[in-house]
Amino acid sequence: MSLRPPSSGSGATLVASDLDRTLIYSSAALQLGVPDAEAPRLLCVEVYEGKPLSYMTETAARLLAELAEATVFVPTTTRTREQYGRIHLPGPLPRFAICANGGHILVEGVPDLEWHAQVTRKIARECAPLDEVRDHLRSAADRAWLLKERVAEDLFAYLVVERALLPDGWVKELGEWAEARGWTVSLQGRKIYAVPRPLTKSAAMRELARRTGAELTLAAGDSLLDADLLLAADRSWRPGHGELADAGWAAPQLTVVPETGAAAGEEILRRFARAAARGRAWVCVSGRRPPPPPRRVSAPLWNRRTRDP
């Protein structure tokens with residue numbers, strides 16, 4: 001599939017959002033924080049081995065469906081194409097999706113082979129081979145806490161670990177080893193990812209912005225693998241939980257929403273919608289991108305903690 005030129009003068013807003021623990025949540029990550037009788041209704045958006053796995057609140061599902069109708073919404077994930085295929089988001093089927101941390105762009109569900117070839121050539125030029133990294137992961141890991149070792153799309157590797165038994169400093173040491181070989185390391189939940197440095201969500205987002213002629217790019221994510229995406233967008237958001245929150249990561253165009261868990265997903269979608277609407281109005285009047293709006297914080301009632309008197 002050839003790389004298509006951008007649409008001219010579309011004025012589109014492109015929204016590139018991470019999925020897991022940004023817009024969709026496992027039951028363990030929901031962090032509802034209220035009595036069961038007050039919990040929001042949930043929509044299951046992923047089933048794995050016959051069991052519900054990932055959820056959104058019904059409010060978040062409605063917000064996403066509305067956003068996808070008004071913008072170029074691009075699911076942007078480290079998941080493989082197969083793993084992404086298990087997710088059924090509300091709203092229209094996205095025309096584009098970014099999988100494997102930018103290693104694959106899907107167009108109407110079909111992989112763009114030319115894009116993938118460009119990415120793999122760049123990795124081959126700049127990074128140590130995947131087999132070398134896998135060998136190091138297997139030799140450095142301890143079977144006392146290693147549960148699985150996997151390769152994703154022949155692009156990167158990851159370990160599934162028993163987080164409570166993972167030694168302090170092990171991930172940092174792995175990161176230092178990987179950095180010298182052109183790779184990066186990220187710890188997300190029970191998974192430790194080793195990813196080639198050129199394999200980025202931001203590069204794929206820029207390519208889709210070019211193709212669609214987007215005037216405004218918005219992004220959200222929670223992990224270190226999302227940092228380049230958040231830096232590349234005109235405006236970006238991260239939740240109050242996750243790897244970036246733990247690191248206190250910040251950037252000039254980044255807004256941190258105070259909510260955590262599923263409530264953060266709702267609030268990020270609200271911020272996307274407001275920024276997209278404001279961007280469309282500004283572009284129509286001035287033909288230029290909008291300046292950053294003032295920050296506004298509004299947590300859903302079910303996620304607000306009751307304070308002691």
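Every heavy atom of this structure was used, including side-chain atoms; hydrogens, water molecules and symmetry mates were not.
Judged purely by atom type and a 3.5 angstrom limit, E243 uses its side chain to pair as donor or acceptor with the backbone of L187. No side-chain donor-acceptor contact under 3.5 Å links H104 to the backbone of I98. A donor-acceptor pair under 3.5 Å is absent between the side-chain atoms of R86 and the main chain of Y48, judged by distance alone. Between the side chain of T59 and the backbone N or O of T57, no donor-acceptor pair lies under 3.5 Å. Without hydrogens or angle criteria, H241 side chain to A264 main chain gives no donor-acceptor distance under 3.5 Å. Within the 3.5 Å criterion, the main-chain N or O of A128 finds a donor-acceptor partner in the side chain of W183.
A donor-acceptor contact closer than 3.5 angstrom is absent between the side chains of T80 and E153.
Salt bridge R270/E266: present, at least one basic N to carboxylate O contact under 4.0 Å. Here E162 does not pair with R190 in a salt bridge; the nearest charged N to carboxylate O distance is not below 4.0 Å.
Contact check for H88 versus V45: no side-chain heavy atoms found under the 4.5 Å cut-off. Side chains of L89 and I24 form a contact here, defined as non-hydrogen atoms less than 4.5 Å apart. Counting only heavy atoms from C-beta outward, the side chains of L230 and L244 approach each other to under 4.5 Å.
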Worked verdict on D112 versus Q118 for side chain to side chain contact (heavy atoms under 4.5 Å, CB included): CA-CA 10 Å; D112 184 325; Q118 288 184 17; over 6 Å; no
Could you walk me through whether L174 and L137 pass the side chain to side chain contact (heavy atoms under 4.5 Å, CB included) check? CA-CA 8 Å; L174 176 64; L137 288 174; 3.7 Å; yes
Is there a side chain to side chain donor-acceptor pair (under 3.5 Å) between Q188 and S186? Walk through the geometry before answering. CA-CA 6 Å; Q188 301 181 40; S186 174; 3.3 Å; yes
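Across Q253 and D234, no two heavy atoms sit closer than the pair CB-O, 3.4 Å. Of all heavy-atom pairs spanning A12 and V72, the tightest one is CB-CG2, 4.1 Å.
Remark: Y158 pairs with Y193 by the ring-ring contact (aromatic ring centres under 6.0 Å, His included) rule, at least two apart or across chains. Checked against ring-ring contact (aromatic ring centres under 6.0 Å, His included), W237 has the following partners two or more places apart in sequence or in another chain: F272.
Atom NZ of K191 sits about 13.5 Å away from atom CZ of R163, to the nearest 0.5 Å.
Within the 6.0 Å centre-distance limit, the rings of W177 and H136 are counted as a close aromatic pair.
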For residues 196-204, which side-chain donor-acceptor pairs fall under 3.5 Å, sequence neighbours excluded?
unit_1: R197; atom_1: NH2; unit_2: E179; atom_2: O; d: 3.0
unit_1: T200; atom_1: OG1; unit_2: S202; atom_2: OG; d: 3.4
unit_1: T200; atom_1: OG1; unit_2: A203; atom_2: N; d: 3.3
unit_1: K201; atom_1: NZ; unit_2: D18; atom_2: OD1; d: 3.2
unit_1: K201; atom_1: NZ; unit_2: D226; atom_2: OD1; d: 2.5
unit_1: S202; atom_1: OG; unit_2: D228; atom_2: OD2; d: 2.6

